Structures are given as C-alpha cells and as structure tokens.
Amino acid sequence: YVSGNLKPEWEVADAVDNTVSYIVPWQIYANTKYSVIAETKYSNDLFFLTEKTTKAMFAQRLFVVFSCKSYLENLRNLGFKTFSNIIDESYDNIMDPVERFSAAFEQLKALEKLDYGEVQNQIKYITEHNFQRLFSLQQEKQDQMKTMVYNKIKELT
C-alpha cells in the first residue's frame with residue numbers, strides 16, 4: 001500500500017533498493033508530523049535497532065514503534081529517551097503482537113488530536129537528547145570494538 005498523499009518529489013531515490021537505508025527522507029519528514037516505525041523484527045524476544053528508528057532520532061522526531069515487546073524499554077536501556085510524557089507507551093509491554101500493534105495504533109490516533117506545536121515544545125528535550133545520544137553510542141561501540149581487537153591481538157602475541 002502506498003498512500004495517495006505521497007508525492008513523487010518526496011521519494012528518496014529513483015529506485016528502491018538497500019541503498020535507501022542510508023538516506024534520511026527529509027521531504028517526507030518535512031510534510032508529516034510524526035514517524036511510524038515498522039521495525040524489521042517483531043517477535044517478542046528480538047530487539048534490533050535499525051536505521052528505521054535511528055533516522056527518526058537523527059531527524060529529531062516523535063515516533064511510535066511497531067516492533068517487538070519491550071522495544072522502547074531496550075531503547076531506554078541504551079540511554080535513549082522515549083515519549084511517555086505525550087503518549088501511553090504501555091503498548092511496549094504487550095506480549096501479543098496483534099494486541100501490541102493495535103495499542104500502538106491507538107497512540108497514533110491520540111496524537112492526531114493533540115496540538116502539534118505544544119507537542120513539539122514538550123518533546124524538544126527528548127529529541128535533542130536522542131540526537132546527541134546517537135553520536136555518543138556510536139563512539140562507545142567503536143571504542144568497544146577497538147578494545148576487543150586490541151585484546152585479541154594481545155592474546156595472540
């Protein structure tokens with residue numbers, strides 16, 4: 001399904017292939033208020049942070065995630081903030097994916113009723129924090145990888 005509201009000039013690339021994973025859809029973000037993230041994994045025991053979520057954080061957007069149980073909890077465990085001050089994030093705790101997704105969809109409907117300007121004011125500290133956290137997490141992971149390599153080299157020599 002492709003929305004009739006999607007305009008051709010909003011496309012991020014001429015052809016859709018795996019290279020679009022690296023492109024932030026700025027035109028779509030400029031013409032929409034919030035992000036709906038349909039993550040790759042939705043089984044209850046699989047957390048996997050992908051470009052879908054990180055693009056929304058990089059663009060400093062409020063998002064509702066359709067993913068595995070405890071996805072938002074896992075984000076918070078990585079040091080990110082979520083939007084419980086605006087929406088009911090209890091959907092993140094629901095085991096059954098159909099029920100979880102239905103509850104997440106209810107939050108999208110609730111967002112539609114809120115004043116967008118007021119929401120933006122209330123989430124600014126969250127979106128700015130998440131933007132900065134993306135870079136610090138990247139550095140932490142690079143440092144961890146370097147340490148692993150150095151330790152393995154020491155072990156081998």
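Since the model is a prediction, treat every value here as computed from it, not as a measurement.
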What heavy-atom pair brings [X] and [Y] nearest, and what distance separates the two atoms?
X: Arg76; Y: Thr82; value: NH1-OG1, 2.9 Å
X: Ile23; Y: Lys55; value: O-NZ, 2.7 Å
X: Phe101; Y: Ser67; value: CE2-O, 3.4 Å
X: Leu75; Y: Met57; value: CD2-CE, 3.8 Å
X: Phe135; Y: Phe58; value: CZ-CE1, 3.7 Å
X: Ile94; Y: Arg100; value: O-NH1, 2.6 Å

Distance-only, no hydrogens or angles: does the [X] side chain make a donor-acceptor pair with backbone N or O of [Y] under 3.5 Å?
X: Thr53; Y: Thr50; value: no
X: Gln107; Y: Asp88; value: yes
X: His129; Y: Lys124; value: no
X: Ser102; Y: Val98; value: yes

Do the non-hydrogen side-chain atoms of [X] and [Y] ever get within less than 4.5 Å of each other?
X: Val119; Y: Tyr34; value: yes
X: Asp92; Y: Tyr71; value: yes
X: Thr127; Y: Asn130; value: no
X: Lys109; Y: Lys113; value: no

Working to the nearest 0.5 angstrom, can you tell me the gap between [X] [atom1] and [Y] [atom2]?
X: Cys68; Y: Glu73; atom1: SG; atom2: CD; value: 10.0 Å
X: Gln120; Y: Leu114; atom1: CD; atom2: CG; value: 11.0 Å
X: Gln60; Y: Leu134; atom1: CD; atom2: CG; value: 9.5 Å
X: Ser70; Y: Asn93; atom1: OG; atom2: CG; value: 6.0 Å
X: Ile123; Y: Ile86; atom1: CD1; atom2: CD1; value: 7.0 Å

Problem - Side-chain donor-acceptor pair present, Glu140, Gln144, cut-off under 3.5 Å - result: no
Practice task
Take Gln139 and Asp143, measure what side chain to side chain donor-acceptor pair (under 3.5 Å) needs, and give me the verdict at the end.
Solution key: CA-CA 6 Å; Gln139 187 61 54; Asp143 292 345; 2.9 Å; yes
Handout entry: Tyr91 and Phe105 aromatic centres sub-6.0 Å
Key =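 Tyr91 vs Phe105: aromatic centres not under 6.0 Å.
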Neighbour count above 12 (heavy atom, 6.0 Å) for [X] [atom1]:
X: Glu112; atom1: CD; answer: no
X: Phe131; atom1: CZ; answer: yes
X: Lys52; atom1: NZ; answer: yes

Exercise for the section: In sequence, state the C-alpha distance, the side-chain angles, and the governing distance for Gln132 and Glu128, and then conclude on side chain to side chain donor-acceptor pair (under 3.5 Å). Expected result: CA-CA 6 Å; Gln132 295 301 322; Glu128 287 178 1; over 6 Å; no
Practice task
Assign the ring pair Phe63 / Phe83 to parallel, tilted or perpendicular, where the plane angle (0 to 90°) is split at 30° and 60°.
Solution key: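 Ring orientation of Phe63 relative to Phe83: perpendicular.
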Exercise for the section: Following the transitive rule for hydrophobic clusters with a side-chain heavy-atom cut-off under 4.5 Å over Ile, Leu, Val, Met, Phe, Trp and Tyr, establish whether Phe80 and Tyr125 coincide in one cluster. Expected result: yes
Can you give each donor-acceptor pair under 3.5 Å made by side-chain atoms of residues 25-33, sequence neighbours left out, with the distance rounded to 0.1 Å?
unit_1: Asn31; atom_1: ND2; unit_2: Gln27; atom_2: O; d: 2.7
unit_1: Thr32; atom_1: OG1; unit_2: Ile28; atom_2: O; d: 2.8
unit_1: Thr32; atom_1: OG1; unit_2: Arg61; atom_2: NH2; d: 2.9

Completion exercise
Per side chain to side chain contact (heavy atoms under 4.5 Å, CB included), Val64 is matched among Leu72, Ile87, Val36 by Ile87
